[in-house]
Amino acid sequence: MTVHRLHPRRRRESAPGGIPFAVVRISPEARRAARRVLESGWVTTGHETQRFEAEFAAHVGARRAVAVSSCTAALELSLRALRLPDGAPVLVPALTFCGAAEAVIHAGLRPFLVDADPATAMPTPDAVERAARACGGSPQAMMVLHYGGAPAPVDDLAEAAGLPANRVVEDAAHALGTSVGDRAVGSGLSAAACFSFYATKNLPVGEGGMVTTEDPELAARIGRARLHGMSADAWRRHLPGGNWRYSVDEAGLKANMTDVQAAIGRAQLGHFHEWQQRRNAVAARYDEALAGVPGLEPLTSPTPGRHARHLYVVRVLDRYGRDRDQLIELLADDGIGTSVHFIPLHHMPYFQRAAVVPPDGLPGVEALFPQLLSLPMYPDLSERDVDRVCDRLARLAAPARGRTRPRPRGLRTLVIGAGEAGRSLARDLAHTPEFGLDPVGFLDDDPARRDDGLAVGLPVLGGLDDTRDMVRAHRVEAVVVAIPGLAANRFRQVAQAAEGAGASVRYLPSFVAALQRDVVGSDMRSLDLSALTGRAELHVVSPDARSVIAGRRVLVTGAGGSIGTELCHQIRAFAPSRLFLLDHDESNLHRLQLELYGDALQGDDVVISDIRDRPRIDQVFRELRPEVVFHAAAHKHLPLLELHPCEGVKTNVCGTENLVRAAIAAGTARFVLISTDKAADPVSVLGATKRLAELVVCGSGQGTAPGTVFAAVRFGVVLGSRGSLLSVVNRQLTDGGPVTVPHPEATRYVMTIEEAVGLVLEAAHMACHGEVFVLDLDGPVRIADLVRTYARSQHMPDADIRYTGLRPGEKCDEPMLSSRERRTRTGHPAIAVATPVTRPVALARYLPALQAAAERNDTAGVRRILAALLPGFPAAAPDWAQAALADPYADDF
């Protein structure tokens with residue numbers, strides 16, 4: 001699977017000559033019409049709305065039209081007017097705007113998602129049939145989207161769903177001007193067609209929508225429901241001769257169109273034909289210019305008819321040589337705006353709960369979404385602008401032609417220091433893309449360097465005090481300090497500012513040593529994730545994660561460990577009101593407090609405690625009242641826990657349960673557990689106890705007080721963490737001995753410590769109830785290959801590898817998901833959820849017996865209960881006769 005980084009781009013003013021993605025045109029006639037209505041004093045639903053309804057119905061050839069506040073309201077009102085049973089299944093495209101699915105839910109119905117054909121971005125009859133089977137073969141209604149303004153085969157899709165036309169609602173937000181065959185959308189293809197007048201649509205008003213239908217009774221229901229269910233003539237009751245009496249016979253909304261909107265819409269409708277002609281000309285020019293660009297394919301129409309040309313959408317295929325998100329960033333750097341329509345519904349946490357996905361998944365949408373790209377498309381777009389967009393697309397494709405694998409683009413990097421070391425570093429990074437870092441500029445306090453403006457072709461953007469602002473303004477993802485001898489307190493200020501804006505900061509001893517020797521480039525290979533794993537590093541944490549931390553009381557358990565330490569650095573940068581560091585190792589706590597604050601034992605934020613001590617944990621939570629908890633404390637050494645399973649249960653299961661109980665009692669808002677890939681189909685004590693910890697945490701999210709959110713994250717091999725794979729490999733290489741690997745084909749999922757911590761913080765932000773989050777990585781890495789690549793990077797090309805054989809509890813492969821889980825995408829392009837496909841074990845039945853066996857130090861009893869709880873876990877004690885226990889062992893192996 002390919003990971004696509006779709007970062008939210010910060011809004012910025014278009015440079016002179018820039019081409020925005022969308023431009024809103026409000027005609028002079030529309031401005032005068034709005035002014036006329038405002039001067040009349042009647043600005044709610046009235047005569048202008050009534051006239052707009054009549055003119056719009058005539059325009060599309062409909063019998064009735066009802067003006068409403070938005071297309072989303074139009075969809076909801078239409079579904080309500082069908083009078084379906086509560087909770088009735090409604091087929092909805094998985095690739096649509098979130099408001100369409102929300103309309104189904106707000107109408108009291110249940111969305112069942114339908115897959116899309118990657119060539120059209122719309123469902124096929126076969127996909128509709130599969131979705132219909134998922135709801136027992138009896139959907140009650142269906143929503144059909146005319147994607148981008150292309151005609152959808154309404155009749156064929158209705159037949160595939162087994163539904164009559166009067167149970168189909170068309171989402172025509174893109175489709176004013178579309179026809180299916182020779183029949184205009186809105187003229188009776190379905191029960192109701194719902195149009196949008198949003199500012200960027202084909203008929204731009206600003207807000208507003210319209211429902212057209214051939215059914216007078218349906219129109220009447222919608223007309224009443226848009227005004228709280230009041231009588232159809234309710235707006236006339238205030239006019240001379242009007243009657244103040246009205247009735248409410250059914251539920252309704254406040255979803256009426258105003259006369260101001262209607263007046264604008266009427267005036268705009270007079271220009272619609274010329275605007276559509278211009279859209280057709282722009283699309284034809286795109287078609288011609290992009291025909292020769294390999295790897296860019298426009299979407300096709302699934303059925304004959306007229307295309308409204310609301311969007312011009314292309315698929316960015318592998319042979320283009322760059323992925324979609326790289327292309328978005330490169331075009332933006334040239335002042336060319338683009339967009340993506342839409343994020344699939346099942347990638348969003350809310351719809352993962354509220355919507356139903358077919359058992360065979362949504363493979364068409366999964367294949368299509370990373371490819372989708374919408375280009376600028378509006379009547380004011382000139383031929384010159386279209387040619388410029390197409391020329392840039394062709395030029396960006398050229399360097400990648402003939403390559404079988406696009407080069408991963410590095411993280412946008414800000415270099416602190418424009419002196420000799422910084423310039424040398426930037427040069428090396430720019431000329432060696434395999435390092436995975438793309439420098440975008442410098443910060444330096446020297447006025448002379450700032451006045452020079454450029455250093456090795458890159459801008460000097462400001463001084464060190466500008467770190468936070470520059471990270472945000474230039475979408476920086478990584479910051480590297482290149483000032484030898486920078487004072488420790490100044491370094492901490494820069495690091496805190498960068499992390500607080502969402503960038504990662506390097507804490508690499510090899511890099512610091514390289515700076516001190518002024519030999520920058522050679523040691524930067526320690527940053528080279530793409531060379532080690534074949535992929536670019538992901539920038540996972542977003543500035544939005546700050547909202548979970550800022551101003552809150554945060555507790556980190558296991559704070560002195562490598563993950564806990566990095567977490568604390570990042571959390572502190574997000575300005576919590578208090579940061580409590582909990583660990584049973586006082587030396588690590590002392591070291592961490594010195595790192596964070598420059599002194600130690602100056603406050604009560606350091607907590608020495610064992611999570612196995614329930615009264616002590618209760619006391620800590622009662623006194624500190626943490627609002628956010630990150631639980632990193634654990635026993636994690638696999639072979640040792642095979643020998644001592646009772647200790648694993650006491651810490652990883654009982655300790656976690658102690659924390660969860662205390663958090664609920666203290667009213668903690670968010671609780672995130674750090675777990676491991678070994679929890680997926682566990683065969684080791686480590687994996688089994690961490691899986692039970694996941695179940696304890698995620699199960700606690702059900703039925704707790706509103707606002708209390710529990711979640712877990714799973715890590716694989718974390719590069720840079722203490723005791724991790726590469727630290728063991730490095731020690732073995734340095735000692736001159738062989739590197740021990742359990743099996744020639746052993747694989748692991750690999751991530752950096754920055755990616756791991758980013759996952760934790762984003763999980764805290766994204767969690768809703770009991771999710772298990774994982775990084776959505778390309779695939780596992782073969783350990784032997786990783787060792788050889790790392791050895792070469794350390795100038796030891798002939799690494800001696802000795803295969804020890806799999807020890808008790810080890811697996812050749814460690815997938816991130818179990819065979820009883822499926823991967824569910826989220827709104828974050830780099831993060832997925834491990835969603836169970838079977839009911840989890842009834843944990844409460846077994847936990848007391850497991851805890852009692854552990855307290856008795858009954859090793860056999862603990863293993864028997866773990867085997868009863870977790871299918872596949874071996875009840876028998878391992879045979880240690882052949883195990884190579886003397887060999888070094890990585891904690892996360």
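In what follows, residues are counted from 1 in the order of the sequence shown.
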Check your understanding: Any sub-3.5 Å donor-acceptor pair from D259's side-chain atoms to V43's backbone N or O?
Key -> no
Check your understanding: Between D117 and M122, is any pair of side-chain heavy atoms under 4.5 Å apart?
Key -> no
Check your understanding: Looking at Q371 and A367, what are the two nearest heavy atoms and their distance?
Key -> CD-O, 3.3 Å
Revision key, fill the gap. In terms of heavy-atom contacts, Q140 and L84 come closest through O-CD2, 3.9 Å
Review point. Do the side chain of E207 and the main chain of Y198 share a donor and acceptor less than 3.5 angstrom apart?
Key: no
Check your understanding: Side-chain contact, heavy-atom cut-off 4.5 Å: R388 with I19?
Key -> yes
Point to revise | Donor-acceptor contact present, side-chain D115 to main-chain V365, <3.5 Å | key: yes
Review point. Are the charged groups of D776 and R825 less than 4.0 angstrom apart, N to O?
Key: yes
Review point. Should the pair R226-E53 be classified as a salt bridge under the 4.0 Å nitrogen-to-oxygen rule?
Key: yes
Review point. Taking atom CG of L311 and atom CG of L375, what is their separation to the nearest 0.5 Å?
Key: 10.0 Å
Review point. Are the side chain of T212 and the backbone N or O of A65 linked by a donor-acceptor pair below 3.5 Å?
Key: no
Practice item. Without swapping roles, check the side chain of S247 against the backbone of D249 for a donor-acceptor pair under 3.5 Å. Key: no
Review point. Between E55 and R266, is there a salt bridge with N-O shorter than 4.0 Å?
Key: yes
Review point. Is R36 salt-bridged to E48, cutoff N-O under 4.0 Å?
Key: yes
Review point. So, does R31 use its side chain to make a donor-acceptor pair with the main chain of I26 at under 3.5 Å?
Key: yes
Point to revise | Shortest non-hydrogen contact between R80 and A107, atoms and distance | key: CG-CB, 4.0 Å
Review point. When the aromatic ring centroids of F56 and F197 are compared, is their separation below 6.0 Å?
Key: yes
Review point. Does R324 come within less than 4.0 Å of E329, counting only side-chain N to carboxylate O?
Key: no
Review point. Between R315 (side chain) and P298 (backbone), is there a donor-acceptor pair under 3.5 Å?
Key: no
Exercise for review: May I have the step-by-step check of side chain to side chain contact (heavy atoms under 4.5 Å, CB included) for L317 and L296, ending in yes or no?
Suggested key: CA-CA 6 Å; L317 305 178; L296 289 185; over 6 Å; no
Practice item. From the options L331, V314, V316, select the one residue that forms a side-chain contact (heavy atoms from CB on, under 4.5 Å) with L393. Key: L331
Practice item. Flag the pair L368 / L95 as yes when at least one side-chain heavy-atom distance between them is below 4.5 Å, and no otherwise. Key: yes
Revision key, fill the gap. Separation between CD (Q352) and OG1 (T835), nearest 0.5 Å, reads 6.0 Å
Practice item. Mind checking the CG-CG spacing from L109 to L82? Nearest 0.5 Å is all I need. Key: 8.5 Å
Check your understanding: What closest approach, in Å, do A150 and S301 show between heavy atoms, and which atom pair accounts for it?
Key -> CB-OG, 3.7 Å
Review point. In terms of ring plane angle, is the pair H59 and F272 parallel, tilted or perpendicular, where the classes change at 30° and 60°?
Key: perpendicular
Check your understanding: Pairs in or reaching into residues 187-197: which pass side-chain hydrogen bond (donor to acceptor under 3.5 Å, both in side chains), with residues at least two apart or in two chains?
Key -> E170-S190
Practice item. Kindly say whether V168 contributes a backbone atom to a donor-acceptor pair with the side chain of N166 at under 3.5 angstrom? Key: no
Exercise for review: Kindly give the heavy-atom pair with the smallest separation between L91 and C135, and that separation in Å.
Suggested key: CD2-SG, 4.3 Å
Check your understanding: Taking the side chain as C-beta and beyond, is there a heavy-atom pair between P216 and R63 under 4.5 Å?
Key -> yes
Practice item. Determine whether the aromatic ring centres of Y312 and Y378 lie less than 6.0 Å apart. Key: no
Practice item. Answer yes or no: does atom CD of E288 have more than 12 heavy-atom neighbours from other residues, nucleotides or ligands under 6.0 Å? Key: no
Check your understanding: Backbone N or O of R309 within a donor-acceptor pair of the R279 side chain at under 3.5 Å?
Key -> yes
Practice item. Apply side chain to side chain donor-acceptor pair (under 3.5 Å) to Q268 and S27, showing your working. Key: CA-CA 7 Å; Q268 298 284 82; S27 66; 2.9 Å; yes
**Study point:** Set of ring pair (Phe, Tyr, Trp, His ring centres under 6.0 Å) partners for H273, sequence neighbours left out
**Key:** none
Review point. Using 4.0 Å as the upper bound for N to carboxylate O, is an ion pair formed by R221 and E217?
Key: yes
**Study point:** Steps toward side chain to side chain contact (heavy atoms under 4.5 Å, CB included) verdict (L345, T96)
**Key:** CA-CA 7 Å; L345 297 177; T96 189; 3.8 Å; yes
Point to revise | CA sep, side-chain torsions, deciding dist, call: D360, R130, salt bridge (charged side-chain N to carboxylate O under 4.0 Å, His left out) | key: CA-CA 8 Å; D360 55 352; R130 290 196 300 273; 3.2 Å; yes
Check your understanding: With distance as the sole test, does Q276 use its side chain to make a donor-acceptor pair with the main-chain N or O of A308 at under 3.5 Å?
Key -> yes
Review point. Quick one: are L77 and L253 in side-chain contact, heavy atoms under 4.5 Å?
Key: yes
Review point. Atom OG1 in T49, atom CD in Q261: separation rounded to 0.5 Å?
Key: 8.0 Å
Review point. Hey, do the aromatic rings of H341 and Y147 have their centres closer than 6.0 Å?
Key: no
Check your understanding: Would you say F21 has more than 12 foreign heavy atoms packed within less than 6.0 Å of its CZ?
Key -> yes
Revision key, fill the gap. On a heavy-atom basis, the closest approach of R353 and E771 is NH1-OE2, 4.5 Å
Check your understanding: Hey, are E250 and R224 close enough for a salt bridge, meaning a charged N less than 4.0 Å from a carboxylate O?
Key -> yes
Revision key, fill the gap. In this structure, OG1 of T178 is separated from NE2 of H146 (nearest 0.5 Å) by 7.0 Å
**Study point:** N-O pairing of R285 and D387 below 4.0 Å
**Key:** yes
Exercise for review: Supply the atom-to-atom distance C390 SG to L290 CG, rounded to the nearest 0.5 angstrom.
Suggested key: 4.0 Å
